[in-house]
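In what follows, a structure is listed as structure tokens, so that the remarks can point back to it.
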Amino acid sequence: MKDSATTTASTAYHYLWHLAALGVLDQAPDGSVTSTLWDEIAARGDSRPATVVMIDVGCSFDHPNLATRVDRDASIDFTAGPQGQRMGSKKDGIPACAFDGLDTSDLRLDGLSAKDQSLFDEVVQHLMTTRTGYRTTGNVEAMFASHGTAVAGLVVGGPEVQPDGSEPTQGILPYFGVDPMSRLVSVRTGFEDDPLQFIAALLYAKAQSPDVIVIPRGLPDPQAGTLAPKDDFQAELEQWQSSEAADLLHRIETLRKKAGGARPYAPQRSLTATRLWHLVAALLKAISNHVPVVCAAGNEGESQLLYPASLATRENGIIAVGAVSSAGLRSGYGNYGEGLTLVAPSDDMEVFNRHQMRLPPDDAAAHAARRLASAQIVPLSSRSLLTTDVPGNFGYTEAPQPDAPGGYYAPFGGTSGAAALVAGVIALVRRAERAADPQAAVRDGRDIRALLTRTARHDIPDGAEPVALRGDTMNAASEDAEALSVFFGAGLVDAAAAVHEVMTDK
């Protein structure tokens, strides 16, 4: 990236530690950037920007580090209905249907009954014949899209691009995401139990011919989206549920008698809604066979994954991403366990439970905890991911920070941040493929998943010496004796190794 990274090599970028950990760039001890994968790809040959589709709560189109990297025209909002709404007004004319020319012939939705397949066909036909509108609520991303703005910055954020003669925006850093050469399409969705909006979002995402789709959040499927209690708590929960159920039946019978014998009726969940959520899962897996779908593993600290990351298997292209701290441990909040594909750098969280104590070294409670033989003591990492933010009261950071002036930046983390980094790495890999051989066959979602797991590493660069990844106890005794794959999947994603492999293959 000779126009930005090389010319600023004398500037210290300590806040880009996660890019160094991924191998996207090399840093000198003073934090200055000495070399980047961006320059390596550019030296190999020209390649068009990768397209990243983000299915989240929207993102700020006007943020100075994102304005030239988020495709405003292609971005869409499905929170008001599956037909979608675009930015604009009636004076711009009638917007084209978002699903005009939609082709689903290459999608194989496995596991569907004939009735469900028919329902899917009806939904597709409905979407193709509905009219997309303009959003009348204004630029809601300026208020409610802090999460998506943070994710977008980690994927494609880059230095502000100024029109000729204009002054730079005050308080703007020469910020870099994993691949500032690529472009992002924002697909805005909500948190309502509305499977149609997610079917529409997924179909729209595929129609953009993306290089990668990132879903840095959970989906509100009432059944698949609920984490079941683990064995530690199952017996106690069953006892409580039995008592609660008996008490509930008693109260219902009392109410029935008072009502003169009338029987109360509870609202029932729609069978159609259940079938539509089934279509969402089938569609996710079908699309991932063509395009990698990166999903956040979740931040509940559970030994099971958030939905839809829980759909990830070796047979599809869904990539379930966990979080690892700079100390080489699973982040304190990070979900782990079966199905986890790999991890990426993120922040950490204090933990104080019967199995583990993860507290600052100078915390009085930490010293007291050392007397508890049953609790494992592990280090807490103080590092987080710095990324783009919505300035003002609706952002993560209301007041300017020393390393994030103007409120345009905020510390961020979670498995959302880790998933964003992996999506950025895939964008780099896609550009490297095209730079090495523009005519080469495109790797599908399963191939990209296999590439990232094959090139993953079992340590995390942190200064002069890498820190080995190691397991720890969270929800059950002796979990630290489990295989590393339980906590880290295949390991830490290695952008340098993946990019070098695809360029060497050509």
Would you say that [X] contacts [Y] through its side chain, given a criterion of any heavy-atom pair below 4.5 Å between the two side chains?
X: Pro411; Y: Arg383; answer: no
X: Leu305; Y: Glu338; answer: no
X: Leu428; Y: Ile426; answer: no
X: Ile55; Y: Pro216; answer: no
X: Phe191; Y: Val57; answer: yes

Seminar exercise, completed: In short, ring-ring contact (aromatic ring centres under 6.0 Å, His included) pairs touching residues 312-348 with sequence neighbours left out are Tyr336-Phe487
Exercise. Is the number of heavy atoms from other residues, nucleotides or ligands under 6.0 Å of Gln162 CD greater than 12?
Worked result: yes
Exercise. More than 12 heavy atoms of other residues, nucleotides or ligands under 6.0 Å from CZ of Arg72: is that the case?
Worked result: yes
Answer yes when [X] and [Y] have at least one side-chain N-carboxylate O distance shorter than 4.0 Å, and no when they do not.
X: Asp447; Y: Arg449; value: no
X: Arg358; Y: Asp348; value: yes
X: Asp103; Y: Lys206; value: no
X: Asp77; Y: Arg135; value: yes
X: Asp494; Y: Arg454; value: no
X: Lys285; Y: Glu315; value: no

Seminar exercise, completed: In Leu284, Val294, Ile318, the residue satisfying side chain to side chain contact (heavy atoms under 4.5 Å, CB included) with Ile215 is Leu284
For this session: With sequence neighbours left out, write down each residue that passes ring pair (Phe, Tyr, Trp, His ring centres under 6.0 Å) with Phe488, or none if nothing qualifies.
Result: none
For this session: For residues Tyr409 and His63, establish whether the separation of their ring centroids is below 6.0 Å.
Result: yes
For this session: Check step by step if salt bridge (Lys or Arg N to Asp or Glu O under 4.0 Å) holds for Asp459 and Arg470.
Result: CA-CA 9 Å; Asp459 56 15; Arg470 62 187 180 91; over 6 Å; no
Do any N or O atoms from the side chain of [X] and from the backbone of [Y] form a donor-acceptor pair under 3.5 angstrom?
X: Asp389; Y: Ala410; answer: no
X: Asn316; Y: Leu311; answer: yes
X: His355; Y: Asp472; answer: no

